[in-house]
Each structure stands twice: as structure tokens, then as C-alpha cells.
Asker: 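Before I ask anything, here is the structure I am working with.
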Amino acid sequence: MKEWWIQVGLIAVPLLAVYLHIPPPNLSPALYTWRSTGAFFTYQEQRIFYRDSWGAVGSSDVVILLHGFPTSSYDWYKVWEGLTQRFQRVIALDFIGFGFSDKPRFHRYSIFEQASIVEALVNHLGLIDQKVNLLSHDYGDTVAQELLYRYEHRRQGHINIGSLCLSNGGIFPETHHPRLIQKLLKDGGIFSPVLTRLMNFYFFSKG
């Protein structure tokens with residue numbers, strides 16, 4: 001029996017290595033358009049993707065959209081046009097490790113870093129002194145709460161929050177109990193690249 005498992009391992013490990021190095025599929029037309037109408041800025045040597053659309057004439061309101069886990073700014077594509085009819089500028093980013101932003105391996109990802117990236121983007125766009133509205137979802141809710149804390153305590157580099165809307169997320173992080181797959185994806189260890197390659201629409205929608 002022991003020799004049988006060794007033989008399986010000797011066959012499975014090379015096959016898994018080959019599978020993990022298969023190039024990802026081409027972007028769908030919708031995702032290609034989403035990326036091509038966005039831009040990148042650099043935060044601590046990491047490229048961060050964002051979209052910045054100008055919308056309603058006569059409005060001075062700016063809204064920043066913070067996506068959930070484990071998705072990206074594309075979460076907002078169905079409401080994007082409607083938001084541009086209400087706000088002067090609609091801005092969304094892919095947090096580091098998500099979407100089209102860089103995904104460094106063995107990186108210490110944290111909510112605090114994601115909040116700092118949002119602040120850096122606001123500064124990059126020249127909006128550091130302007131009131132902005134935050135619309136967040138899921139994982140983005142926790143990032144928004146950290147941004148709100150920094151704003152309330154007037155931390156250096158904080159953004160000026162005019163309003164905040166939290167949607168479908170945990171208000172109290174200590175009561176949040178992530179699923180096993182969320183823990184495995186979050187840690188960025190040896191299982192993450194395997195799980196991401198095995199993921200498909202069916203498993204994603206079920207989750």
C-alpha cells in the first residue's frame with residue numbers, strides 16, 4: 001500500500017506542476033474592456049489597478065467603491081453607469097492581491113495595508129482635501145471601517161469621508177467566522193494557487 005501511494009505521488013506532483021503553469025484563459029470581452037478603460041498606480045513597488053470615470057455634470061460628489069472577497073472592482077459593473085449619473089466621479093480599485101492588481105506571493109496582506117492603498121489612490125488622484133463618499137461591500141466594509149477610524153482620529157494621510165454605506169459585510173470583525181476556503185485563500189500559502197486554478201463558475205457561485 002505504501003508503495004502505491006508513492007507511485008501516485010510521483011505521477012501527481014509533476015502533473016500538478018504542469019497544470020499550475022498552464023497560462024490562464026483569455027479575458028472575456030467585458031473584462032478586457034474593464035481593464036482597458038482603467039489605469040494603474042504604484043504603491044510600494046506594487047501596481048494597483050483602478051477605474052476613474054467622470055459622470056454627472058454639475059455635481060461635485062465623488063464616490064469610491066470598495067469591493068469584497070475574493071473578487072474585484074468588476075463587482076460594480078452593473079451599477080457603474082447608474083452611479084455616473086449621480087456622481088461627478090466614480091472610482092473603484094482592485095485591492096492588492098485581487099483583480100488586475102499585483103498579487104505578490106508570501107506577502108503579509110492586511111486590512112491596514114488595503115486602507116493605506118485607498119488613501120494613496122485618493123492622494124494620487126488629487127482628492128486628499130475633498131470630501132468623498134464610500135460605498136463598500138463585504139471585505140471592503142472592514143477596510144472602510146479602518147478608513148473611518150483614521151478619519152475620526154485625524155490620522156496623517158486620512159481621507160475626508162462625507163458619507164459611508166456598508167453593504168453585506170461584517171460590522172464586528174471579532175464575530176466573523178470565515179469559511180475554510182476563505183482561510184486557505186487568504187493565507188496565500190501553498191494551497192492558494194491550486195485552489196484558484198481549480199475554481200470555476202459553479203464552485204464560485206455556490207460559495
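Note that the structure is predicted; figures quoted are calculated from it, not measured.
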Asker: Taking the side chain as every heavy atom from C-beta outward, state whether P104 and E45 have any pair of such atoms under 4.5 Å apart.
Answerer: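 No. Closest side-chain heavy atoms not under 4.5 Å.
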Asker: Find the distance between CG (D138) and CG (L66) and round it off to the nearest 0.5 Å.
Answerer: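 The CG atom of L66 is 11.5 Å from CG of D138, to the nearest 0.5 Å.
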Asker: Tell me, do Y139 and P70 make a side-chain contact under 4.5 Å, heavy atoms counted?
Answerer: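 With C-beta onward as the side chain, the pair stays apart.
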Asker: Any side-chain donor-acceptor pair under 3.5 Å between E113 and H107?
Answerer: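 The criterion, which ignores hydrogens and geometry beyond distance, is satisfied for H107 and E113.
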Asker: Using every non-hydrogen atom in the two residues, find where Q46 and I96 come nearest and quote the distance to one decimal.
Answerer: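 Nearest pair, atom of Q46 first, then I96: CG-CD1, 3.7 Å.
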Asker: Please report the interatomic distance CD(E146) to CG(D141), rounded to the nearest 0.5 Å.
Answerer: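 E146 CD to D141 CG: 14.0 Å, rounded to 0.5 Å.
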Asker: Supply the atom-to-atom distance R155 CZ to S116 OG, rounded to the nearest 0.5 angstrom.
Answerer: 10.5 Å
Asker: Measure the spacing between NE2 of H124 and CG of D52 and express it to the nearest 0.5 Å.
Answerer: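 Going from NE2 on H124 over to CG on D52, the span is 9.0 Å.
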Asker: Does R154 have any side-chain contact (heavy atoms from CB on, under 4.5 Å) partners at least two apart in sequence or in another chain, and if so, which?
Answerer: Y151, H158
Asker: Can you give me the closest heavy-atom contact between L166 and A144, atom names plus distance?
Answerer: CD2-CB, 4.0 Å
Asker: To the closest 0.5 Å, what do you measure between CG (D102) and CD1 (I48)?
Answerer: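 Rounded to the nearest 0.5 Å, the CG-CD1 separation comes out at 6.5 Å.
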Asker: So do Y43 and E119 actually touch side chain to side chain, heavy atoms under 4.5 Å?
Answerer: no
Asker: Linking Ile, Leu, Val, Met, Phe, Trp and Tyr through side-chain heavy atoms less than 4.5 Å apart, which residues share a cluster with F87?
Answerer: L27, L31, Y32, W34, F40, F49, V63, L65, Y74, W76, Y77, V79, W80, L83, V90, F100, L135
Asker: Of I159, L134, V143, L164, which meets side-chain contact (heavy atoms from CB on, under 4.5 Å) against L148?
Answerer: L164
Asker: Taking the side chain as everything from C-beta on, heavy atoms only, tell me whether I117 gets closer than 4.5 Å to L93.
Answerer: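 Yes, their side chains come closer than 4.5 Å.
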Asker: Using modelled atom types only, decide if a donor and an acceptor are shared between the side chain of S101 and the backbone of G97 within a distance under 3.5 Å.
Answerer: no
Asker: Could you tell me if the side chain of R89 sits less than 4.5 Å from the side chain of L125, heavy atoms only?
Answerer: yes
Asker: Got a donor-acceptor contact below 3.5 angstrom from the S167 side chain to the S136 backbone?
Answerer: yes
Asker: Is the backbone N or O of V62 less than 3.5 Å from a side-chain atom of N133, with the two atoms forming a donor-acceptor pair by type?
Answerer: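 Flag set: sc N133 to bb V62 pair under 3.5 Å.
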Asker: Please examine the side chains of I91 and V132, heavy atoms only from C-beta on, and report whether any two atoms are closer than 4.5 Å.
Answerer: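 V132 does not reach I91 side chain to side chain.
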Asker: Within the distance-only criterion (no hydrogens, no angle test), does the side chain of S73 pair as donor or acceptor with the backbone N or O of A92 below 3.5 angstrom?
Answerer: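 Answer holds: no.
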Asker: To the nearest 0.5 angstrom, please state how far the CG atom of N123 sits from the CD1 atom of I128.
Answerer: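 Going from the CG atom of N123 to the CD1 atom of I128 covers 5.0 Å.
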Asker: Q130 versus N160: any side-chain heavy-atom pair under 4.5 Å?
Answerer: no
